[in-house]
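Below is one structure, written out as structure tokens; the observations come after it.
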Amino acid sequence: MLRDKMADRVAADGFIAALDQSGGSTPGALRLYGIPDDTYAGDAEMFALIHAMRVRIMTSAAFTGAKVLGAILFEGTMDGSAAGKPVPAFLWEERGIVPFLKVDKGLAPEDDGVSLMKPMPDLDALLDRAVRLGVYGTKMRSVINMPSERGIAAVAEQQFAIADRIASHGLVPIIEPEVSIKSPDKPGAEALLLAALAQRLDALPEGRQVMLKLTLPDVTDLYAPLTRHPRVARVVALSGGYARKEACAKLACNHGVIASFSRALTEGLTAGMSGDAFDAALAEAIDEIYTASVDKHQRSED
């Protein structure tokens, strides 16, 4: 079956590309790509430009399933096309890359040290459309700024409740409770998150699996127990604002964790590059992130 083949790909060596910048983060992504704010007017032009950037990445000779397992898409990207095909079909059929979809609608204002996700009133209709387009799984993001036990418990509760709805559509949810790298007590927040996730994972029904997308922790291998949990299909790491070199160095020390980088993947890519230069820079980024995902540093106790 198709979904079984996709599950096998997700379990293989490689990493997941995050191509899911939404309205709030798109202007910054375009600036880094060499497109300033004053060169477009309104959301329609902005999203057309970011879609063109994503298509350039996806259709690059460097962007294949040899090292990239999956790609997380923004809703508009999922509904768009690449090389004449719907994007999810292009990724899977032409590149061997598993498509995922970002489903959250952004963050609510911070409360109790965390930002929960905004309401998603049209979630079920979006999930139905994703299934029809051949999407395998989803991703949704919350943010943790402070080591608040109550706030982090609320993040876990919301994430796992929505994950249940996503799973009911036959999709695999990626749960992303991002701990901000600017947190004044990042290790404290990460320790509380580990406990909250373990509790929720233990309560999942038999046969249910989720994926976790987590900030690279300050304590090396903090999340190793989650990589071995029977309810976890994969633990992936976000770059979280770290530059690619630093993100890859941290990732290489965390066993069982692969990358799901966004900014660190596109670092150095610009709109004005020639085709050859763009492909070469993207290939270099992919090689570096792939190596950090699969070639781990030896544990000190080994």
Side-chain angles (χ1 to χ4, degrees), residues 9-21 25 28-29 32-33 53-54 56-58 60-72 95 97-98 100 139 141 143 174 176-183 186-187 189-190 193-194 211-224 226-227 232-270 273 277-302:
R9 284 295 301 137
V10 170
D13 284 345
F15 71 94
I16 295 175
L19 305 176
D20 60 330
Q21 298 94 342
S25 56
L32 291 171
Y33 187 51
M53 180 187 106
R54 292 165 178 158
R56 191 179 187 189
I57 291 169
M58 290 185 289
S60 168
F63 196 78
T64 74
K67 294 180 178 178
V68 182
L69 301 176
I72 303 172
R95 291 291 191 257
I97 294 172
V98 178
F100 292 82
K139 191 214 78 167
R141 172 177 171 262
V143 171
I174 301 177
E176 183 184 8
E178 175 182 350
V179 176
S180 172
I181 65 171
K182 298 178 181 178
S183 171
K186 184 168 174 279
E190 289 170 338
L193 178 60
L194 173 62
M211 296 173 63
L212 301 174
K213 182 167 179 174
L214 306 172
T215 307
L216 289 158
D218 280 18
V219 176
T220 299
D221 276 340
L222 177 71
Y223 297 124
L226 302 181
T227 69
V232 177
R234 206 86 215 233
V235 176
V236 304
L238 56 108
S239 51
Y242 293 122
R244 183 166 67 236
K245 183 177 180 180
E246 185 175 6
C248 286
K250 289 178 177 289
L251 177 62
C253 295
N254 284 275
H255 297 78
V257 180
I258 64 172
S260 178
F261 291 172
S262 175
R263 188 184 306 175
L265 172 64
T266 59
E267 182 181 307
L269 301 179
T270 62
M273 283 179 160
F278 184 92
D279 288 350
L282 181 59
E284 182 178 351
I286 287 172
D287 287 347
E288 186 175 357
I289 296 168
Y290 174 85
T291 299
S293 294
V294 305
D295 186 11
K296 301 297 183 179
H297 294 167
Q298 187 176 18
R299 286 186 175 92
S300 59
E301 67 268 22
D302 288 350

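It should be emphasised that the depicted structure is a prediction, and the values quoted were computed from it without experimental measurement. Count residues from 1 along the sequence.
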*How would you list, by chain and number, every residue that makes a side chain to side chain contact (heavy atoms under 4.5 Å, CB included) with A252, sequence neighbours excluded?*
A292, H297
*Partners meeting side chain to side chain contact (heavy atoms under 4.5 Å, CB included) with V294 (sequence neighbours left out)*: D13, Y290
*Considering only heavy atoms from C-beta outward, does the side chain of L214 approach that of V257 to under 4.5 Å?*
no
*Please confirm whether the backbone N or O of A224 pairs with a side-chain atom of T227, one donor and one acceptor, at under 3.5 Å?*
yes
_Distance check, rounded to the nearest 0.5 Å: L193 atom CG versus E178 atom CD?_
11.0 Å
*Backbone N or O of S260 within a donor-acceptor pair of the K213 side chain at under 3.5 Å?*
yes
_Go through it in stages, so that I can follow the logic: the residues are V232 and Y223, the test is side-chain contact (heavy atoms from CB on, under 4.5 Å), and I'd like the CA-CA distance, side-chain angles, deciding distance and then a yes or no._
CA-CA 12 Å; V232 177; Y223 297 124; over 6 Å; no
*Could you list the residues that satisfy side chain to side chain contact (heavy atoms under 4.5 Å, CB included) with A12, not counting sequence neighbours?*
R9, L69
_Rounded distance [0.5 Å steps], CZ in R263 versus CG in L32_ = 6.5 Å
*asked:* Restricting to non-hydrogen atoms, name the atom on A259 and the atom on I289 that form the minimum distance, rounded to 0.1 Å.
replied: CB-CG2, 3.4 Å
*Among residues two or more places apart or on two chains, list those pairs meeting side chain to side chain donor-acceptor pair (under 3.5 Å) that have a residue in residues 232-242.*
none
_Straight-line distance of I72 CD1 to L19 CG, nearest 0.5 Å_ = 8.5 Å
*asked:* Could you measure the distance from the CD1 atom of I57 to the CG atom of L269? Nearest 0.5 Å is fine.
replied: 6.0 Å
*With sequence neighbours excluded, what pairs up with I286 under the side chain to side chain contact (heavy atoms under 4.5 Å, CB included) test?*
F15, A62, F63, K67, V68, L265, L282
*Identify the two heavy atoms, one from I97 and one from A71, that lie closest to each other, and give their separation to 0.1 Å.*
CG2-N, 3.7 Å
*D295 side, atom CG; L251 side, atom CG - distance, nearest 0.5 Å*: 11.0 Å
_Close side-chain approach of M211 to V10, heavy-atom, < 4.5 Å_ = yes
*asked:* By the salt bridge (charged side-chain N to carboxylate O under 4.0 Å, His left out) test, which pairs, at least two apart or in different chains, include something from residues 238-260?
replied: R244-E288
*Please report the closest heavy-atom contact between F261 and C248, naming both atoms and the distance.*
CE1-SG, 4.2 Å
*Is a side-chain N or O of E190 found less than 3.5 angstrom from the main chain of D218, in a donor-acceptor match?*
yes
*Take C253 and D221 through the test side-chain contact (heavy atoms from CB on, under 4.5 Å) and record every step on the way to the result.*
CA-CA 7 Å; C253 295; D221 276 340; over 6 Å; no
*asked:* Determine whether a donor-acceptor pair (N or O, by modelled atom type, separation under 3.5 Å) exists between the side chain of T291 and the backbone of D287.
replied: yes
_Tell me the closest heavy-atom pair linking T270 and F278, and the distance in Å._
O-CD1, 4.1 Å
*Closest heavy-atom contact between G240 and I181?*
O-CD1, 3.2 Å
*Is there a donor-acceptor pair under 3.5 Å between the side chain of S60 and the backbone N or O of D279?*
no
_Please report the interatomic distance CG(L238) to CZ(R141), rounded to the nearest 0.5 Å._
8.0 Å
*Over 12 non-hydrogen atoms of neighbours within 6.0 angstrom of CZ in R95*: yes
